[in-house]
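Step one of this worksheet: look at the structure below.
Residue numbers start at 1 and run along the sequence shown.
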Amino acid sequence: MAVSTEAVSTEAVSKEAVSKYDTGEAMCPYRLVLEHVTSRWGVLVLIELLERPYRFSELRRAIGRVSEKMLTQTLQTLERDGLVNRDAKPVIPPRVDYSLTDLGREAADQVKALAGWTEERMDAVLKARQAYDELKARQANGDL
């Protein structure tokens, strides 16, 4: 059975790409994207934009407790990663709408699922934390 050169080349490129990023370095490209998507504000922006496009001030109010600077940085980062679309309309006063790209919608769906799991399993997490804290307190007191 003959193997096409294209298939071999694609496989070689895939292995090269995996090894290129699988170096264990803290800032390799896929880890940076993961950091952007799962950051405190990144998660909230993505989930909120799943509903509909927002203007900056609307998005800031919907998220709550985010500074203008942090929201701006988060939106710029997500836009650079291709997850958020910034649509500046040439009107007075200026109007800028933010929405998800197709890639952003995929990421937001995944983040929303994780957020839902977290909400559903919070009781189990709280019980685990309590058990851990009690064990550590007993160890510190020499009770174990």
Side-chain angles (χ1 to χ4, degrees), residues 3-141 144:
V3 177
S4 75
T5 308
E6 183 179 330
V8 171
S9 298
T10 304
E11 184 178 330
V13 169
S14 294
K15 285 182 181 178
E16 181 181 310
V18 169
S19 64
K20 179 180 174 183
Y21 300 129
D22 191 20
T23 62
E25 294 176 15
M27 289 294 132
C28 58
Y30 76 90
R31 288 185 184 185
L32 279 174
V33 173
L34 184 61
E35 184 180 304
H36 298 160
V37 168
T38 60
S39 70
R40 177 180 185 183
W41 304 116
V43 166
L44 298 175
V45 166
L46 290 170
I47 290 173
E48 204 61 48
L49 288 177
L50 263 174
E51 300 299 319
R52 63 179 178 86
Y54 278 87
R55 293 178 72 175
F56 183 88
S57 57
E58 290 178 308
L59 185 58
R60 187 169 177 217
R61 279 192 303 274
I63 291 172
R65 295 184 33 211
V66 60
S67 70
E68 188 172 316
K69 178 183 176 183
M70 283 309 303
L71 183 55
T72 298
Q73 287 176 352
T74 301
L75 286 166
Q76 287 173 345
T77 298
L78 296 173
E79 181 182 8
R80 182 170 184 251
D81 288 343
L83 306 176
V84 168
N85 182 49
R86 181 181 186 273
D87 182 22
K89 306 223 186 298
V91 295
I92 297 177
R95 179 183 173 114
V96 179
D97 292 315
Y98 294 91
S99 60
L100 293 175
T101 64
D102 290 342
L103 190 61
R105 187 162 296 285
E106 286 179 42
D109 285 336
Q110 298 299 316
V111 168
K112 187 174 182 180
L114 181 59
W117 174 86
T118 304
E119 186 176 342
E120 290 170 11
R121 303 303 291 162
M122 198 62 216
D123 286 341
V125 170
L126 292 173
K127 287 177 186 172
R129 287 179 181 175
Q130 183 178 359
Y132 177 89
D133 292 344
E134 288 171 1
L135 178 63
K136 288 297 180 185
R138 286 195 313 252
Q139 289 173 341
N141 292 333
L144 290 181

Qualifying side-chain hydrogen bond (donor to acceptor under 3.5 Å, both in side chains) pairs, either residue in residues 71-85, two or more places apart: H36-D81
query: Of all residues at least two apart in sequence or in a different chain, which pass the side-chain hydrogen bond (donor to acceptor under 3.5 Å, both in side chains) check with R95?
result: D97
query: So does E119 have more than 12 non-hydrogen atoms from other groups sitting under 6.0 Å from CD?
result: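 No.
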task: May I ask you to check whether over 12 heavy atoms, not counting those of D102, lie within 6.0 Å of atom CG?
output: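 For D102, atom CG is not crowded (no more than 12 foreign heavy atoms under 6.0 Å).
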- prompt: Is the shortest heavy-atom distance from the side chain of W117 to the side chain of L114 under 4.5 Å?
  reply: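 W117 vs L114: side chains touch.
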query: Where do L83 and A107 come nearest, in terms of heavy atoms and distance?
result: CD2-CB, 4.4 Å
- request: Could you pull out the closest heavy-atom pair between M70 and S67, with the gap in Å?
  value: N-OG, 3.0 Å
Rounded to the nearest 0.5 Å, how far apart are [atom1] of [X] and [atom2] of [Y]?
X: L71; Y: K69; atom1: CG; atom2: NZ; result: 13.0 Å
X: R105; Y: Q110; atom1: CZ; atom2: CD; result: 13.0 Å
X: C28; Y: L34; atom1: SG; atom2: CG; result: 9.5 Å
X: T38; Y: E35; atom1: OG1; atom2: CD; result: 7.0 Å

Validation: residues 40-54 side-chain donor-acceptor distances under 3.5 Å, sequence neighbours left out:
{"unit_1": "E48", "atom_1": "OE2", "unit_2": "Y54", "atom_2": "OH", "d": "2.8"}

query: Taking it one step at a time, do R55 and Y98 satisfy side-chain contact (heavy atoms from CB on, under 4.5 Å)?
result: CA-CA 6 Å; R55 293 178 72 175; Y98 294 91; over 6 Å; no
message: With side-chain contact (heavy atoms from CB on, under 4.5 Å) as the criterion, how do V96 and K89 come out once you've worked through the C-alpha distance, each side chain's angles and the decisive distance to 0.1 Å?
response: CA-CA 6 Å; V96 179; K89 306 223 186 298; over 6 Å; no
task: Answer yes if the side chains of Q130 and E134 hold a donor-acceptor pair under 3.5 Å, and no otherwise.
output: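 The criterion, which ignores hydrogens and geometry beyond distance, is satisfied for E134 and Q130.
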